Amino acid sequence: MHRDYLELGYIAFRYPAIDNHAHPLLTEKSRNAFPLEGIISEASGDALTHDSRYTLASYCATGQLSKLFGLKDSETTWEALKNKRDDTDYVDLCNLCFKRTGIQCILLDDGLCGVAGLAESNKWHDQFTTSPSKRIVRIETVAEDVLRMMLGSDPANISTSIISVIGILEELTDRFKATILAYAQDDHVACFKSVICYRTGLHIAPSATFEEIQNAVLDLLLQYKTSESHRLQQKALNDHLVRLVLQIAGQYQKPVQFHTGLGDNDIRLIESSPAHMQSIIEAYPNTPIVLLHSSYPYTREAGYLTSVYKNVYLDFGEVFLMLSRDGQRAVIQQVLELAPTNKILWSTDGHWWPESYYLATYQARVALYEVLCDSVRREELTEQQAIEIVQNALFHNANKLYNLGLEPDMNLLLVEAT
């Protein structure tokens, strides 16, 4: 910690935080269901289990977790970490990771596909925080659940006549709207989230003809009949559902989060830039829109949108697990180039493993402190202004945007700077 900025350091490493986007932890029984390397990479297969270990992010995580686990210098290896965690009681492991974070409240997206029964409930996580968690409702999961109930389990019985397609579209729209409306009125739901970025990209059309949406439903039904898949990957229909949510969310002032930027290789990176969203942002000026994951590598585009549209907010998360420390600092610098500091939000994007919460929090605090120290040193900010930026980014901006009504719990024990 820089000796000249002790007050800034105190706040950076000890101020409570609201994690505005994360995912549930695995159950104890499923604690090793996925490769631990998923903490530091979005890759899959050999690119995950072999190559990701040779990134700067992996080397950094290995050192930090070894210190957390009390391993000797000679034991600072990825395999030693895995052995240590396997020998540790699961709840003790979770407590070890969370007690060093200072996370007061978590907003949890529990809509990840293909993991039913593997993850803990949202409420289970409350044992590690001093304020109850809130839910993030993933809208594509909601729509697919509605479709599953509507279409049943026998694709052969699904008619693709024009009359049938129109009926299914109307019923889907009505049921989906009713479900979203109920969530919008639910105090436990903090916001909605869309992963349309993964499906058909972020170039969301502000409008469409009934015929375009109808044809998309026909394509979906044919897909279901041939592959029994409910996955929404028809652009006109995906856009239609997002517009419905944006309208309802605007009426109830529930923010809508969008996955932007980096993800696994299911994403088309060129279609994940938030720059594609300009028209849809303009079409729903009363709906708060949150651009997730720093929009990396499109952080500057996200900063621009945050600066020129009142309803746009920028989350700077996920990069604290995936990038080198230089990369993390560069992202924060790019966020601060243009985005108003009252509209930036922090998150871990923690998922599956408790270590992901610890690493994302610790690395974010370090990077935020280092970047702001440099700005104060160059007399671009006063130390008090830098302190306010930290407090707002970690807690107050999210508290206000999601209408959480929390007071910062200053009794939380936080991490030490190194």
Side-chain angles (χ1 to χ4, degrees), residues 20-21 42 109 111 136-143 191-209 212-213 215-216 219-220 231-250 254-319 322-323 330-331 334-335 337-340 343-345 347 349 401:
N20 100 111
H21 182 267
E42 289 276 16
D109 167 16
I136 299 170
V137 173
R138 185 181 291 214
I139 66 175
E140 287 79 13
T141 300
V142 171
C191 63
F192 297 102
K193 176 188 174 182
S194 173
V195 292
I196 194 171
C197 182
Y198 274 99
R199 306 302 179 83
T200 49
L202 290 176
H203 199 288
I204 306 163
S207 63
T209 66
E212 288 172 331
I213 304 171
N215 289 337
D219 184 69
L220 174 64
R231 181 179 170 87
L232 289 167
Q233 50 194 11
Q234 293 74 26
K235 177 171 169 48
L237 180 57
N238 283 348
D239 290 0
H240 169 63
L241 296 173
V242 167
R243 288 192 297 269
L244 292 175
V245 172
L246 288 171
Q247 181 179 11
I248 294 172
K254 293 270 189 180
V256 182
Q257 299 180 344
F258 284 87
H259 181 110
T260 64
L262 80 166
D264 60 43
N265 60 13
D266 190 31
I267 211 166
R268 299 298 92 184
L269 185 61
I270 196 68
E271 297 174 0
S272 71
S273 169
H276 294 301
M277 296 181 64
Q278 196 160 4
S279 295
I280 199 70
I281 290 169
E282 292 175 343
Y284 294 89
N286 296 321
T287 303
I289 291 172
V290 179
L291 307 176
L292 289 173
H293 310 321
S294 314
S295 299
Y296 181 87
Y298 305 107
T299 306
R300 285 190 167 108
E301 286 90 333
Y304 167 77
L305 294 172
T306 307
S307 73
V308 298
Y309 293 106
K310 178 63 177 174
N311 60 322
V312 176
Y313 297 77
L314 178 53
D315 158 75
F316 63 109
E318 187 170 9
V319 294
M322 307 295 171
L323 300 188
V331 166
Q334 290 180 19
V335 167
E337 282 176 359
L338 198 54
K343 297 172 71 182
I344 60 175
L345 314 160
S347 71
D349 195 42
L401 176 64

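All figures in this text were calculated on a predicted structure; none of them were measured in a lab. If you read the sequence from its start, that first residue is 1, and numbering goes on from there.
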For [X], all residues meeting salt bridge (charged side-chain N to carboxylate O under 4.0 Å, His left out), sequence neighbours excluded:
{"X": "Glu282", "value": "none"}
{"X": "Asp264", "value": "none"}
{"X": "Lys193", "value": "Asp109"}

First locate atom [atom1] of [X], then atom [atom2] of [Y], and finally report the distance between them rounded to the nearest 0.5 Å.
{"X": "Arg199", "Y": "His259", "atom1": "CZ", "atom2": "NE2", "answer": "12.0 Å"}
{"X": "Leu345", "Y": "Phe316", "atom1": "CG", "atom2": "CZ", "answer": "8.0 Å"}
{"X": "Ile280", "Y": "Ser194", "atom1": "CD1", "atom2": "OG", "answer": "10.5 Å"}
{"X": "Leu314", "Y": "Thr299", "atom1": "CG", "atom2": "OG1", "answer": "7.5 Å"}
{"X": "Ile213", "Y": "Leu220", "atom1": "CD1", "atom2": "CG", "answer": "13.0 Å"}
{"X": "Tyr309", "Y": "Ile289", "atom1": "OH", "atom2": "CD1", "answer": "10.5 Å"}

Given 3.5 Å as the limit, does a donor-acceptor pair link the side chain of [X] with the main chain of [Y], or not?
{"X": "Thr141", "Y": "Gly111", "answer": "yes"}
{"X": "Ser295", "Y": "Tyr298", "answer": "no"}
{"X": "Asp315", "Y": "His293", "answer": "yes"}

Is there a side-chain contact between [X] and [Y], using heavy atoms and a 4.5 Å cut-off?
{"X": "Glu301", "Y": "Thr260", "value": "no"}
{"X": "Asn20", "Y": "Gln257", "value": "yes"}
{"X": "Phe192", "Y": "Val142", "value": "no"}
{"X": "Ile196", "Y": "Leu202", "value": "yes"}
{"X": "Ser347", "Y": "Glu318", "value": "no"}

Nearest non-hydrogen partners of [X] and [Y], listed with the distance:
{"X": "Thr306", "Y": "Ala302", "answer": "OG1-O, 2.8 Å"}
{"X": "Val331", "Y": "Tyr296", "answer": "CG2-CD1, 3.7 Å"}
{"X": "Leu305", "Y": "Pro274", "answer": "CD1-O, 3.2 Å"}
{"X": "Pro285", "Y": "Asn311", "answer": "O-CB, 3.4 Å"}
{"X": "Ile267", "Y": "Cys197", "answer": "CD1-SG, 3.4 Å"}

- Item | Step-by-step side chain to side chain contact (heavy atoms under 4.5 Å, CB included) determination, Lys254 to Val137 | CA-CA 11 Å; Lys254 293 270 189 180; Val137 173; over 6 Å; no

- Query: Sequence neighbours excluded, which residues qualify as side chain to side chain contact (heavy atoms under 4.5 Å, CB included) partners of Ser307?
  - Reply: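 Here the qualifying residues are Tyr304, Leu338, Pro340.
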
- Query: With sequence neighbours left out, what residues match Tyr284 under ring pair (Phe, Tyr, Trp, His ring centres under 6.0 Å)?
  - Reply: none

Return a table of donor-acceptor pairs under 3.5 angstrom between the side chains of residues 236-249 and protein atoms on other chains or two or more places apart.
unit_1 : atom_1 : unit_2 : atom_2 : d
Asn238 : ND2    : Thr200 : OG1    : 3.3
Asn238 : ND2    : Leu232 : O      : 3.3
Asp239 : OD2    : Ala205 : N      : 3.1
Asp239 : OD2    : Lys235 : NZ     : 2.7
His240 : NE2    : Thr173 : OG1    : 3.1
Arg243 : NH1    : Ala205 : O      : 2.7

- Within a radius of less than 6.0 Å around NE2 of His203, do more than 12 heavy atoms belonging to other residues, nucleotides or ligands occur?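 12 or below, so no.
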
